[in-house]
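The first residue in the sequence is number 1, and the count goes up from there. Small disclaimer: the values here were computed from a predicted structure and weren't measured. Every number for a ligand or one of its atoms is a count from 1 in the order of the listing.
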Amino acid sequence: MTQLIGPGSTIGIMGAGQLGRMLAVSARQMGYRVAVFGGDRTSPAGQISDRAWSNPFDDQDALAEFAAACDVVTYEFENISAEAAATISKHVPLRPGVELLSTAQNRFAEKSALSQLGLTTAGFRMVHSADELTSARSDFGGRIILKANTEGYDGKGQWAIDEDTDIPALWNDAGLTGALVEQRIDFEFELSIVAGRYDNGNCVFFDPMLNHHANHILDVSVSASPLISDQTRREAIRMARSVLEHFDVVGVLCIELFLDRNGRLLVNEIAPRPHNSGHLTIEAYNCSQFELQLRTICGLPSADLQRRAPAAAMSNLLGQHLPAAWTVDNLAAFDRPETHLHLYGKPEARTNRKMGHITVTAEHASEAERVARRCREQLLK
Ligand code: ATP
Ligand code: MG
């Protein structure tokens, strides 16, 4: 049984972005102290924290000092080195765990682990040359994606390849020594499931979200979409449970999935942390994905997840969606109680930078999605 890490204790967060910020808000609400690593007091999470370290992630002395000031450490992004994880683990529990972390930061290791668990993924293999890439293209039916094996996010470090792609030129430009190739799935839609596991083995699941991407970045997530059948829901839960149990997770994770044209569910990747698609849980559930992260890593009592609204949708706010200066007109669409604006406290609104999101709850998913999109458009009116 995990020892209770009670209110008043310090939650350490590796990373100082919006996921850390929303966890910090939950933690503060319940009387915890917050320490962040990877950003100063002006960073999104640093603004809500008691202490912040802006040192680089490989500064082992600073990591040791940070960990010694915390009662438990969690992370909001996956690219934490094994050495950094070891330094932290010497002082405090690192949750949801080092094995999950190291697997999730290496796409090949991740896909291999998923298929060993018996979960379906797109066909995949490592390639180390233009010739191997050419063979992979023909073996996987002509349409593939080349992915840098480590450190990609928001589709960065990915190349879509078709029959007519000039592979030697692409391989040369990409400048990789080895990379993952995946069969390109012609999917019906993308979805994700956020789940948590307590130390006593109790697993809880939010309903899967249907996700729309734009320019390889999550654009809109919808909860309670009628397009997700009960069978797909059950299958997503089964997949998430097997990952939670296999890695003996204590914490929260998200699994990104594709539903293909034959109704098969395939796992794309694991995020070992709360996920952008789960932001709508803040308003749509009794316990958000961030409160769930806090509850699980601190050994608090487990809460059943219950909806507060029949359906919800979230639209992401990127730099280009925000006005240069706010006027009351920009906020006119937020005149209804079901519309919620979140901003992450980032000073500079660059194109494609995640600046905030909008959540809308409704009786039906289609209404929630329509209003979430309309509120976003209204911001630039
Ligand atoms: P993110 O940070 O947004 O999760 P990422 O850089 O980690 O992205 P992936 O999630 O692997 O990368 O891929 C980004 C998007 O590219 C997916 O959400 C999907 O739209 C598309 N994609 C990735 N792999 C495949 C595939 N095998 N078949 C079809 N589409 C894919
Ligand atoms: Mg992804």
Side-chain angles (χ1 to χ4, degrees), residues 15 17-20 75-80 100-115 119-127 133 136-137 139-163 165 174 176 179-195 208-222 236 239-240 243 252-262 264-279 289 314-318 352-354 357:
Q18 61 269 15
L19 296 172
Y75 37 87
E76 62 142 36
F77 78 117
E78 28 293 38
N79 293 317
I80 296 165
L100 176 66
L101 178 66
S102 63
T103 305
Q105 62 192 214
N106 179 312
R107 291 187 193 276
F108 181 73
E110 180 180 77
K111 287 249 153 45
S112 305
L114 290 166
S115 47
L119 308 185
T120 312
T121 67
F124 67 97
R125 77 165 70 140
M126 286 297 286
V127 293
L133 183 53
R137 175 174 61 182
D139 293 350
F140 287 137
R143 281 166 49 85
I144 54 174
I145 300 190
L146 180 70
K147 297 183 179 181
N149 196 36
T150 54
E151 296 193 359
Y153 70 97
D154 288 346
K156 292 183 176 61
Q158 296 195 9
W159 296 264
I161 294 174
D162 295 307
E163 295 285 10
T165 304
L176 301 163
L180 186 76
V181 167
E182 279 178 32
Q183 186 179 23
R184 190 127 51 100
I185 302 301
D186 180 23
F187 51 76
E188 197 74 44
F189 53 77
E190 293 189 63
L191 58 162
S192 57
I193 180 162
V194 175
M209 272 77 58
L210 190 150
N211 299 323
H212 303 276
H213 290 76
N215 302 320
H216 305 284
I217 303 173
L218 183 66
D219 186 40
V220 170
S221 291
V222 181
M239 289 176 152
V243 175
V252 164
L253 58 68
C254 175
I255 299 183
E256 298 177 7
L257 303 147
F258 302 127
L259 186 77
D260 78 5
R261 305 268 176 201
N262 302 318
R264 267 193 328 165
L265 205 51
L266 287 83
V267 185
N268 176 32
E269 63 174 349
I270 307 170
R273 50 168 169 80
H275 191 260
N276 193 166
S277 62
H279 293 354
Q289 62 171 348
M314 179 227 53
S315 55
N316 259 342
L317 296 176
L318 307 181
N352 289 346
R353 187 179 199 200
K354 288 177 180 168
H357 68 268

For ligand 1, note which part of Ile217 has a heavy atom under 4.0 Å away: side chain, backbone, both or neither. neither
Within reach of ligand 1, part of Lys147 (heavy-atom separation under 4.0 Å): side chain
Heavy-atom closest pair, residues [X] and [Y]:
| X | Y | answer |
| --- | --- | --- |
| Ala136 | Val127 | CB-CG1, 4.2 Å |
| Met239 | Val267 | SD-CG2, 3.9 Å |
| Ser277 | Leu218 | N-CD2, 3.6 Å |

Any idea which N/O/S atom from Glu269 gets closest to the Mg ion (ligand 2)? OE2
Report the name of the N/O/S atom of Glu256 located nearest to the Mg ion (ligand 2). OE1
Around [atom], find the nearest protein heavy atom and jot down its residue, atom name and distance.
| atom | answer |
| --- | --- |
| atom 20 (O) of ligand 1 | Glu190 OE2, 2.5 Å |
| atom 16 (O) of ligand 1 | Gln158 OE1, 3.9 Å |
| atom 10 (O) of ligand 1 | Glu269 OE2, 2.7 Å |
| atom 30 (N) of ligand 1 | Phe187 CE2, 3.5 Å |
| atom 28 (N) of ligand 1 | Ile185 N, 2.9 Å |

Have a look at Asp186, Leu257, Asp154 and point out the one with the heavy atom closest to atom 8 (O) of ligand 1. Asp154
Closest to atom 5 (P) of ligand 1 (judged by heavy-atom distance), picking from Lys156, Arg107, Glu256: Arg107
What is the distance from atom [atom1] of [X] to atom [atom2] of [Y], rounded to the nearest 0.5 Å?
| X | Y | atom1 | atom2 | result |
| --- | --- | --- | --- | --- |
| Leu100 | Tyr75 | CG | OH | 5.0 Å |
| Ser192 | Glu256 | OG | CD | 7.0 Å |
| Ile161 | Phe140 | CD1 | CZ | 12.0 Å |

May I ask you to list the atoms of ligand 1 that are less than 4.0 angstrom from any heavy atom of [X]?
| X | result |
| --- | --- |
| Gln183 | 26 (C), 27 (N), 28 (N) |
| Gly155 | 5 (P), 6 (O), 8 (O) |
| Tyr153 | 2 (O), 5 (P), 6 (O) |

Mark yes or no for whether Asn106, through its side chain, and Phe108, through its backbone, hold a donor-acceptor pair below 3.5 Å. yes
Determine, using heavy atoms of Ile145 and all atoms of ligand 1, whether some pair is separated by less than 4.0 Å. yes
Does ligand 1 have an atom that lies less than 4.0 angstrom from a heavy atom of Phe124? no
Of Asn352, Ile217, Asn276, which is the lone residue that meets side-chain contact (heavy atoms from CB on, under 4.5 Å) with Asp154? Ile217
side-chain contact (heavy atoms from CB on, under 4.5 Å) with Trp159: of Ile145, Ile144, Thr165, Leu176, only one passes, and it is Leu176
Within-cutoff protein neighbour (heavy atom, under 4.0 Å) for atom 26 (C) of ligand 1: yes
Let's go through Glu76 and Arg273 carefully: what are the C-alpha distance in whole Å and the side-chain angles of both, what is the deciding distance for salt bridge (Lys or Arg N to Asp or Glu O under 4.0 Å) to 0.1 Å, and is it a yes or a no? CA-CA 6 Å; Glu76 62 142 36; Arg273 50 168 169 80; over 6 Å; no
